Structure formats: C-alpha cells, structure tokens
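Chain letters run A, B, ... following the sequence lines, proteins first, then strands; residues in each count from 1. Since this is a predicted model, take the numbers as computed values, not measurements.
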Number of protein chains: 2
Amino acid sequence: MSDYVKIFLDESEMPRQWYNIQADLPTPLPPPVDKQGNPIGPDALAPVFPMNLIEQEVSTERWIDIPEPIMEALTLWRPSPLCRARQLEKKLDTPAIILYKNEGVSPPGSHKPNTAVAQAYYNREFGIKRLVTETGAGQWGSALAMGCRIMGLECKVYMVRISFDQKPFRKIMMQVWGAECVPSPSENTRTGRAILAETPDTPGSLGIAISEAIEEAVTDDKTRYALGSVLNHVLLHQSIIGLEAQKQLEKINLYPDVVIGCAGGGSNFAGLAFPFVRDKIHGRDVRILAVEPTACPTLTRAPYAYDSGDVAMMTPLLAMYTLGHGFVPAPVHAGGLRYHGMAPLVSHVQREGLSEALALDQVECYQAAMQWAHTEGFIPAPETSHAIAAVIREANQAREEGKQRVILFNWSGHGLMDLSGYDNFLNGHLTDYHLPDDELQRSTAVLDNLPKPPPRG
Amino acid sequence: MSDYVKIFLDESEMPRQWYNIQADLPTPLPPPVDKQGNPIGPDALAPVFPMNLIEQEVSTERWIDIPEPIMEALTLWRPSPLCRARQLEKKLDTPAIILYKNEGVSPPGSHKPNTAVAQAYYNREFGIKRLVTETGAGQWGSALAMGCRIMGLECKVYMVRISFDQKPFRKIMMQVWGAECVPSPSENTRTGRAILAETPDTPGSLGIAISEAIEEAVTDDKTRYALGSVLNHVLLHQSIIGLEAQKQLEKINLYPDVVIGCAGGGSNFAGLAFPFVRDKIHGRDVRILAVEPTACPTLTRAPYAYDSGDVAMMTPLLAMYTLGHGFVPAPVHAGGLRYHGMAPLVSHVQREGLSEALALDQVECYQAAMQWAHTEGFIPAPETSHAIAAVIREANQAREEGKQRVILFNWSGHGLMDLSGYDNFLNGHLTDYHLPDDELQRSTAVLDNLPKPPPRG
C-alpha cells in the first residue's frame with residue numbers, strides 16, 4: 001500500500017451524478033434577497049442565467065444526473081488522478097500521507113472547466129448563443145472559452161486589468177478557443193466607464209469585472225452571464241472532484257484526517273470538500289480546512305452578512321462572509337483568490353462549524369510552491385500554493401506529534417501561465433499584504449445599510 | 001470497446017526496462033568516427049559524458065534495467081495516459097481510430113523529462129556535480145532543469161536566442177527549478193563570441209547552442225554535457241513511451257496501422273515508434289511515419305552522411321541525414337524541430353526502409369493544432385502540431401477510402417508555453433518556409449570534405 005503514487009479511475013467508474021450539499025445541511029441556506037430583504041424568486045434571475053441552471057441553483061435534491069454531453073466533454077481530461085506526494089513527504093520527513101487531486105490535467109490547467117462545460121451545455125440547451133463572463137487570474141475565462149467552443153457558443157471575457165497585464169498569454173489562450181477578451185474596467189459598459197473616470201489606474205477586481213459582464217449579458221436575450229465560482233450550481237458541478245477522490249480513496253482503503261483547499265470564491269475548495277462535509281455531518285471524524293490570502297481574508301476576518309456579489313450591486317444579495325462589495329484587494333499574484341465575498345454554501349458550512357479557515361501570506365505560499373516544485377516537479381498556480389502551504393504546516397505538525405495523518409488536498413491548477421509571480425519571488429520583489437483593520441472597517445461599512453441574515457441556529 | 005477515451009496503467013504495470021533497438025537492427029549502426037574516418041572509442045567521449053551513459057550509448061543489449069531512483073522520478077508523472085481523440089474523429093467524420101500518448105502530463109509539459117531524470121541520475125552516480133546543455137524551444141532546458149533539481153545537480157542552459165526572446169517564461173521555469181539560463185550565441189564561450197562577431201543578429205540554432213554547452217562542459221572535471229535528443233542513450237530512455245503504449249493497446253486489443261511522431265532530433269518519434277519498429281522487423285505489418293517541418297527537411301531532402309552534431313564540430317561525426325552542421329533553419333515556431341541533423345538510429349531505420357517521412361508547412365500544422373484545440377480541448381506544442389497535421393491527413397484518407405485505420409501518435413507536449421506562435425497565426429502573420437534548393441546545396445557542401453558512411457546493405 002505504501003508503494004502507490006497515483007490512483008486512476010476508469011471512465012466507467014466516473015461519478016454519473018453531482019452531489020448537492022443543500023440536501024444534507026443541518027440548517028437551510030438563507031435565500032438570496034433584494035435590497036429590501038425580500039427573498040427573490042427564480043424569475044428575478046432569468047435575465048442573467050438560463051432557467052435550467054436557476055433550477056439547479058435552488059435545488060435541494062441530493063444527487064443530480066450529469067447529462068451525457070457533459071460527461072463526454074469531461075472525459076477529455078477526467079477522471080483526474082489522485083496522487084501521493086511521496087517525494088515531498090520524504091523531504092519533510094513526516095509520517096503524514098499527502099494525497100492530492102490533480103486538477104491541473106485539464107486543457108487550461110485548472111478545475112474550472114468542470115463547471116465551464118456544464119454551464120455552456122445548459123445555456124445551449126436553453127437556446128442561448130453567447131456567454132459573457134469575468135476572470136481574475138485567467139483560469140476561469142480560459143475555461144469558459146474552451147467550454148463554449150466545445151458546446152458551440154460564443155464567449156466574451158472581462159479580465160481583471162492587473163491579471164490582463166501580468167498574464168498576456170492567458171488572452172491568447174482564450175483567443176485560441178475563439179473567445180474575445182478585454183481588460184476590466186473597460187469602456188464597454190456603464191460600470192466600467194464610471195470606475196475609470198474616478199480611478200483610471202485601478203488594478204480592477206473580480207467584483208468590477210462581474211458587474212461589467214452582467215451589464216452586458218442582460219442587454220441581449222440570446223446572451224447570458226456565467227460565473228466561475230460562488231454560486232450553488234457552480235459548486236455542484238465541482239463536486240465531481242470530491243466524488244472521484246472518494247472512489248479513489250476506497251481503492252487504497254484510506255480516509256483523510258484533513259481535507260484542504262484554497263478558497264477565493266470557494267468552488268475548488270467546495271468541489272473537493274463537500275462530499276467529505278457530508279460524511280462529517282453524518283458523524284465522520286474529518287477536519288475541513290479552507291485557505292485564503294491575508295490580503296483578502298474573507299472567511300477569517302470578514303462579517304457574515306447579506307451583500308452583493310459585484311461592485312455595482314447587479315446581483316441579488318447573498319448571505320456570506322464578505323469584505324464589502326466595493327473592496328479592492330491588494331494585487332497579490334493569486335488573482336483567483338482576490339474576491340470580496342465567499343460562496344454562500346462555503347460561508348454557511350463555515351458558520352455551522354463544519355469547516356475551519358486559515359489565512360496565509362503570499363511569501364510563505366511561494367516558498368511552499370518552490371518546495372513542491374523541487375520535490376514533486378510540478379509548478380503550482382499561486383492560488384494552489386495556499387493549499388500547499390497549509391499542507392506543509394499540517395505535515396510538519398504530524399512530524400512534531402510523531403503521528404500519522406492523512407492529508408488530502410485539491411491541487412487546483414498548475415502555474416505555467418503564472419510564472420511572472422515566481423520571477424518576482426525569485427528576485428525578492430514579493431511582499432506580504434495584511435489587510436489593515438481600518439481598511440476592513442471602511443470596506444465593510446456598506447453592509448450596515450443592507451438587510452441582515454438570520455442569526456445562527 | 002468503442003467507449004473508452006483513456007487507458008491508464010498502474011505503476012505496477014510500468015515497464016522496468018528500456019528497449020534498445022540496436023539489438024534488432026537488420027544491419028549495424030555505422031559507428032561514430034573522427035574527421036579522418038576512424039571509429040572513435042568510448043574514451044574519446046569521456047570529457048563530454050559520464051562513462052555509464054557512454055556504455056549505454058554503445059550497448060547492443062536489447063533490454064536495459066531502469067534503476068529504481070529513475071523509476072521513482074518517472075512516477076511523478078508516469079505512466080502517461082493513452083487517449084483516444086474521439087471528438088476529433090467525429091469532427092473529421094472518419095472511420096479511423098485516433099489514439100495518442102499524452103506526454104504533456106509531465107511537469108514541464110513534454111516527453112523530455114523521461115531522459116532528463118535518467119541523465120541526471122547517471123551523472124550523479126558517476127560523481128558529476130553539474131550539467132550544461134542547450135535548448136531550442138525550451139522544452140529540453142526546462143526538463144533538464146527539473147531533472148537536475150530532483151537528482152541534486154546544478155544545471156546551466158544555453159537557449160537558442162530566438163526562442164529565448166519568443167518564450168521569456170521558459171527561462172523563469174528553469175529558474176524555478178534552480179537552473180541558470182543564457183541566450184545563445186553568448187559571450188560565455190569562444191564559439192559564441194566568434195559567431196556574434198560575424199553575425200550579431202543571428203537567431204541562433206541548436207547546433208550553435210550545443211557547441212557552446214560542450215565547450216563549457218569539457219573545461220571542468222565535475223561538469224558534463226547533456227543532450228536532449230539525437231544520441232542512442234537518449235532514444236533508449238524515451239522507449240518507455242512506446243513500451244507503455246504497447247501495454248495499453250493490449251488492454252483494448254488494438255494494434256496501430258500507422259505510428260506517427262514529429263521529428264527534430266528524433267527522440268519523441270523514436271520513443272514511441274521503436275518498439276513498433278521492432279515488431280515490423282519481426283514481420284508485423286505497421287507503417288512508421290516521421291513528420292518534420294519544410295523549413296528543416298532532414299529526413300525528406302537531406303543526404304545521408306557523416307556530420308558533426310554541432311556547428312563548431314566538437315562532437316564526433318555521426319552517420320545521419322543532415323543538412324550540414326552550419327545550417328541555420330528559418331525561424332519557425334517549432335523550435336524543437338530546428339535541428340540540422342537527425343538521430344543516427346532514426347536515420348538508420350529510415351535508410352533501411354523501416355520508416356517513412358513527411359515534411360509539412362507550419363501553417364497547415366497550426367491549422368491542425370487549432371482543430372485539435374477546438375475538439376479535444378488541449379492546445380498542442382508547435383512541434384506536436386506537425387504530428388497532428390499528419391494524423392488528420394491519415395484520418396481523411398481513411399474516410400475517403402471508407403476503411404478503418406488505427407492511428408497512434410505521440411502527443412509530445414502542450415503548447416501553453418508557446419502561445420506567441422498562436423498569436424501570430426491568429427493575426428495572420430505566419431508564413432510557410434520551404435528550404436530553397438540552392439540553400440540546401442550550399443549548406444550540405446561542408447559534407448564533401450568529411451568521411452563517407454558505408455553504402456547501404
């Protein structure tokens with residue numbers, strides 16, 4: 001048993017249904033509300049999303065069938081291998097077993113295509129011809145570009161300006177798959193123009209880019225918006241990661257003591273973790289750990305509140321941990337973790353005490369990423385390096401305690417498109433960013449004028 | 001059977017020995033010779049390579065054990081999946097079955113690490129502390145950087161200047177793994193300085209970079225040179241690709257009608273093809289097809305001759321198809337195919353009539369790559385696109401003939417580090433390069449003054 005490094009699944013063993021944690025939550029998820037605090041119904045979302053995805057968004061069915069055309073698209077790169085980081089274990093001299101789900105094997109190099117192909121499919125089935133979206137580091141934009149190409153839809157991507165500048169090749173990647181990519185804020189939308197007028201040199205943010213994408217989507221009946229994280233249906237599509245991992249773990253008769261993922265909007269974390277959260281709800285002893293940057297400490301320092309998903313407040317209000325919809329995070333390289341809020345389901349699970357959270361500095365994360373590259377070979381994405389840094393802490397603790405510990409984490413993507421961050425790190429140009437208390441207070445002040453979620457329990 | 005998309009091997013099923021085609025050749029490979037035509041012995045190579053690799057270079061043993069530390073390193077990314085390109089088949093409406101070995105799953109994204117970890121290991125065992133090499137597109141340089149890091153050696157890479165400029169992130173990748181990377185020609189060596197004095201704006205070539213690397217290697221007793229292709233021991237290490245593929249094909253009871261690989265120095269082609277060439281030698285009906293660029297048509301237009309592997313004639317003379325050691329290919333994006341010669345073993349197999357060769361324009365290859373990305377999702381390296389273009393020709397021919405045909409090819413690497421070529425293609429800036437006859441005559445004139453290989457048969 002100690003000899004395995006990779007556990008594969010055959011396609012015939014792939015999960016045929018997604019797992020919906022809403023069926024197992026101890027208390028129900030607070031509903032989306034409007035600015036007056038009234039729950040909003042599915043119809044209010046219809047200009048933004050197709051009704052078949054809205055139905056998934058509000059579903060409380062535990063298992064949802066994966067349509068055959070989505071299965072076919074997923075098998076272009078899935079099932080992804082479950083790997084053991086034996087060389088890192090040796091280097092750390094730890095009794096811990098470090099297992100990871102390698103989501104870097106997809107064409108754009110991350111977990112994002114799992115939901116991209118699904119969203120493109122459901123939009124196509126609903127008669128939609130074109131999707132508009134935003135992207136931070138570029139992982140989501142390139143994933144949706146590919147998903148749309150495979151399902152035969154057009155695609156436009158608003159890319160957060162700092163990432164657009166730092167990662168020029170992401171744009172080319174999207175263009176290879178036929179998508180249009182513009183930096184955000186842009187002159188294309190009312191929101192973008194207003195922000196550029198006020199702060200022409202803004203690095204942009206996911207919140208701004210979302211506003212621009214939604215604004216463009218709602219103006220055309222054959223166009224809809226697609227979000228790469230945060231929402232329930234996105235997390236649902238990512239559950240295939242954890243479901244595959246559970247099947248793979250069964251093959252080697254192991255169960256994790258701790259399940260770890262980095263968390264920006266929350267989808268890669270939830271995708272791996274929620275099937276294990278389900279086990280925990282049903283009595284299993286397992287720790288669930290979300291890791292975020294100190295520059296954007298949503299789960300660790302933000303209030304739980306109703307807030308909008310975007311800066312222009314075009315989305316309904318969602319109950320979640322949030323730094324305020326106007327928050328612009330410091331320009332850390334983990335662009336995918338620079339989001340002011342956190343998935344309502346991830347927030348809810350955290351609030352229910354089913355998960356823990358940890359905020360880490362980017363320098364520690366790059367050190368961890370280097371240690372990974374020097375032992376396991378693969379160069380991780382800066383987002384993924386947050387999970388790796390937490391894994392190394394857990395493995396070191398296991399050594400200090402002299403106890404075995406099975407650590408499972410989501411290797412959410414490779415860093416081959418993010419090498420400028422490594423360049424900065426190697427040249428000593430990277431600094432840590434701790435969000436100052438007064439900035440946190442300022443950015444969350446907007447929440448005072450919004451409806452409040454129900455108290456816990 | 002028609003339902004599979006990926007065939008995995010467990011680690012326990014991985015080949016434990018490399019395959020050496022020298023044991024099965026109908027006629028022996030002409031030996032390396034000096035400038036007077038005298039066969040040179042192993043000792044003459046000792047300043048360049050460690051003796052354990054020189055022994056592999058001249059070995060005629062059919063099977064050579066893979067040492068355990070190399071197996072351990074290989075399993076960081078191996079066994080690589082055998083995949084079926086079902087979506088491309090559909091798009092082409094072909095009865096052909098298109099299978100490919102996905103060598104893009106390695107940390108730097110190509111087949112090159114298969115020999116990099118082996119060469120680093122054997123050098124370490126021989127007491128060497130540092131390896132110097134050259135790289136074209138950057139695939140080999142980054143692979144050796146990783147291999148050296150894993151085996152604990154220092155590494156320096158001379159990178160062909162045009163690729164160094166076109167692919168800045170390759171340099172960072174090498175630095176992440178701890179290697180030093182300089183553009184070639186450089187001021188570091190006598191060879192480099194002489195060339196810069198004569199042609200300051202040269203795009204460089206693999207031949208020049210090899211000269212610089214060897215020049216640096218032979219000056220220090222603890223430093224050796226490592227070559228990423230061409231030589232027998234390199235092709236030996238790559239045989240694991242074809243050996244895995246054969247095991248995977250057995251699982252689905254298929255045997256290829258044609259085996260295809262792109263060929264620059266020849267190692268990815270040989271790695272997949274030679275185990276099938278062995279079958280062919282023993283009577284099996286299988287076509288073997290090498291694909292090269294029209295800008296560097298070694299197998300299709302060059303003479304079979306004794307020539308040096310590098311521009312400064314620091315290597316022994318090798319019997320091979322060669323455009324002349326001074327040949328500087330047009331700056332096509334497939335940097336890994338810009339080599340004046342061809343592996344002696346690949347040349348010999350071709351001369352024996354055991355393989356065919358095809359030269360393709362880069363525009364057709366980029367079109368093929370786009371078709372691949374739009375159906376199979378993955379973005380191929382420009383080198384790999386040559387194999388894909390040939391695969392599409394074969395698949396179209398099968399459709400025209402209305403006959404099934406099993407096509408197996410080596411998907412030698414992904415193109416995520418080579419997106420500037422796609423940018424040029426999408427913007428219509430790419431042109432074809434046909435080597436003019438008079439340039440071919442000029443560049444091969446140097447061969448007249450060198451010893452001649454024995455006539456065929």
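- Inspection of non-hydrogen atoms places B/V105, B/S106, B/P107 of residues 105-119 of chain B under 4.5 Å from chain A.
- At a 4.5 Å heavy-atom cutoff, A/I7 makes no contact with chain B through either its backbone or its side chain.
- In this structure, chain B has no heavy atom under 4.5 Å from any part of A/K91.
- Using a 4.5 Å heavy-atom cut-off against chain A, the contacting residues of residues 413-426 of chain B are B/H414, B/L416, B/M417, B/L419, B/S420, B/Y422, B/D423, B/L426.
- Scored by the side chain to side chain donor-acceptor pair (under 3.5 Å) test, A/E154 finds no partners at all (sequence neighbours excluded).
- Atom NZ of B/K251 is surrounded by more than 12 heavy atoms from other residues, nucleotides or ligands within 6.0 Å.
- Aromatic ring orientation, A/F169 versus B/F169: perpendicular (interplanar angle above 60°, classes split at 30° and 60°).
- When heavy atoms are compared at a cutoff of 4.5 Å, A/R170 does not approach chain B at all.
- A donor-acceptor contact shorter than 3.5 Å links the side chain of A/W177 to the backbone of B/G377.
- Between the CD atom in A/E72 and the CD atom in B/Q87 there is a gap of 4.5 Å [rounded to 0.5 Å].
- In terms of modelled atom types and a separation under 3.5 Å, the side chain of A/K6 and the main chain of B/T75 share a donor-acceptor contact.
- Under a 3.5 Å cut-off, the side chain of B/H374 and the backbone N or O of A/G178 do not form any donor-acceptor pair.
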A/L9 and B/F8: CA distance, side-chain angles, deciding distance, side-chain contact (heavy atoms from CB on, under 4.5 Å) verdict | CA-CA 8 Å; A/L9 290 181; B/F8 295 113; over 6 Å; no
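- Both the backbone and the side chain of A/M173 have a heavy atom closer than 4.5 Å to some heavy atom of chain B.
- Scored by the salt bridge (Lys or Arg N to Asp or Glu O under 4.0 Å) test, A/K156 finds A/E216 as partners (sequence neighbours excluded).
- The heavy-atom pair separating B/F378 from A/L76 by the smallest distance is CE1-O, 3.4 Å.
- In terms of heavy atoms, B/R86 sits closest to A/E11 at NH2-OE1, 4.4 Å.
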